[in-house]
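Every value quoted in this text rests on a predicted model; they were computed, and no experiment measured them.
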Amino acid sequence: MVKLLWPIIVSIVTLSLVGILCAASPLDEEVGVGRYTIEGRVFPSDEEESDHWQVDTRIHVNGGEYIGFIKEDGSFTIFNVPTGSYVVEVIHPDYLYEPVRVEINSKGKFRARKVNYVQTSQVVQVPYPLRMKVSTKIKYFQVREQLRITDFLFNPMVIMMVLPLLLIMVLPKMMNDPETKEDLKQISNMTKMSEIPEMSEMFTKLFNRGAKPKTVTKAKQQQIKKRQ
């Protein structure tokens with residue numbers, strides 16, 4: 001009888017030991033202790049026509065390391081997140097949401113702030129639980145530029161052709177005006193008064209003042225008369 005009960009007792013003991021080891025395994029510690037949930041709510045755009053916009057929206061943490069889904073009221077919860085710093089993004093095919101960085105310390109305290117990739121030290125806190133709102137609408141295509149009249153008028157080639165024509169048409173009318181004639185005369189007189197002599201003339205006058213006139217001797221005068 002004891003021999004028959006011995007295998008049953010051994011199996012019961014082994015099963016109990018396995019249960020104890022599984023209960024104390026580090027897997028349960030990873031799932032339960034030191035794990036937190038990131039909560040928030042996503043607000044749709046005013047232009048959103050679809051009633052089932054939650055289906056097209058996803059929550060990505062650290063580029064898809066953790067993924068969350070939207071409930072009917074727009075709220076979301078991401079479970080089993082350890083302590084650390086995470087970038088929470090709302091992925092939507094038509095609208096762009098600003099990402100938010102969520103920091104969880106070892107004591108389980110949350111701090112949310114705006115993501116700034118240029119100035120990483122700058123901290124602008126946002127309320128937690130998160131409230132994700134639409135930033136802009138995504139534009140996948142660029143509108144083709146159309147020809148406008150201003151583009152033609154402000155073309156440099158057109159300006160170079162039009163300005164001389166305007167000067168040719170306007171200048172004669174301005175010259176016939178008596179007031180403009182008087183102004184032109186005054187300007188010409190001023191230019192004459194302010195004329196500066198050439199430097200070569202000034203130097204020749206200066207050097208000629210100190211030079212003595214050349215004297216012709218009598219012998220040379222007689223020779224010149226004989227030749228004549």
Side-chain angles (χ1 to χ4, degrees), residues 11-146 148 150-151 154:
S11 62
I12 291 168
V13 172
T14 52
L15 288 171
S16 62
L17 289 171
V18 169
I20 292 166
L21 291 171
C22 289
S25 64
L27 182 63
D28 278 344
E29 292 181 359
E30 289 182 1
V31 173
V33 181
R35 298 282 172 158
Y36 305 95
T37 58
I38 297 174
E39 298 177 353
R41 187 176 180 182
V42 178
F43 293 90
S45 175
D46 298 332
E47 300 176 358
E48 188 73 38
E49 297 178 357
S50 176
D51 296 332
H52 304 287
W53 61 273
Q54 297 91 343
V55 179
D56 300 327
T57 309
R58 297 284 185 277
I59 306 298
H60 283 197
V61 179
N62 280 0
E65 185 178 351
Y66 299 92
I67 298 174
F69 298 93
I70 308 296
K71 299 177 183 178
E72 291 183 359
D73 59 349
S75 62
F76 64 89
T77 304
I78 300 170
F79 299 95
N80 202 23
V81 180
T83 57
S85 180
Y86 303 95
V87 177
V88 181
E89 297 175 292
V90 179
I91 308 299
H92 193 278
D94 297 326
Y95 296 97
L96 185 66
Y97 290 79
E98 290 186 0
V100 178
R101 184 176 290 278
V102 178
E103 296 173 349
I104 309 170
N105 61 9
S106 58
K107 295 180 181 180
K109 291 184 179 180
F110 290 81
R111 186 181 73 166
R113 60 188 178 94
K114 290 184 178 181
V115 177
N116 192 343
Y117 294 107
V118 179
Q119 297 178 352
T120 55
S121 61
Q122 186 177 4
V123 178
V124 180
Q125 291 190 5
V126 295
Y128 185 86
L130 302 175
R131 298 172 65 86
M132 313 292 282
K133 295 182 180 181
V134 176
S135 176
T136 56
K137 189 174 182 179
I138 301 172
K139 294 180 180 180
Y140 292 100
F141 302 98
Q142 187 176 2
V143 180
R144 181 179 290 178
E145 293 184 0
Q146 297 179 355
R148 294 175 295 181
T150 54
D151 296 335
F154 290 107

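Taking CD1 of I138 as the reference point, atom CG of L96 lies at 5.5 Å (rounded to 0.5 Å). A distance of 10.5 Å separates OH in Y95 from OG1 in T136, rounded to the nearest 0.5 Å. Put simply, OG1 on T77 and CZ on F69 are 13.0 Å apart, with the number rounded to the nearest 0.5 Å. The structure places CD of E39 at 9.5 Å from CG of L130, a figure rounded to the nearest 0.5 Å. Put simply, CZ on F76 and OG1 on T37 are 10.5 Å apart, with the number rounded to the nearest 0.5 Å. Of the inter-residue distances, the one linking E98 atom CD with M132 atom CE reads 8.5 Å to the nearest 0.5 angstrom.
At a threshold of 4.5 Å between non-hydrogen side-chain atoms, the residues V87 and V115 count as touching. Using a 4.5 Å cut-off on side-chain heavy atoms (C-beta onward), R101 and S85 make contact. Using a 4.5 Å heavy-atom threshold, the side chains of V81 and I104 count as touching. Annotation: side chain of I59 is in contact with side chain of V90 (closest heavy-atom distance under 4.5 Å). Side chains of V42 and W53 form a contact here, defined as non-hydrogen atoms less than 4.5 Å apart.
For P99 against E89, the heavy-atom pair with the smallest separation is CB-CG, 3.8 Å. Minimum interatomic distance between P127 and A112 (heavy atoms only, all atoms of both residues): O-CB, 4.4 Å. For the residue pair R35 and P82, the shortest heavy atom distance occurs at NH1-CD, 3.4 Å. Between V100 and R113 the shortest heavy-atom distance is CG1-O, 3.4 Å. Across all their heavy atoms, D73 and S75 have their closest contact at OD1-OG, 2.8 Å.
Annotation for F141: atom CZ does not count as buried by contact number, only 12 or fewer foreign heavy atoms lying within 6.0 Å. Atom CD of E65 is surrounded by more than 12 heavy atoms from other residues, nucleotides or ligands within 6.0 Å.
The aromatic rings of Y128 and F110 lie parallel to each other, with less than 30° between the two planes, well short of the 60° mark.
Formation of a donor-acceptor pair under 3.5 Å by the Q54 side chain with backbone atoms of E72 is found in this model. Proximity of a side-chain donor or acceptor of R131 to a complementary backbone N or O of F43 within less than 3.5 Å is not detected.
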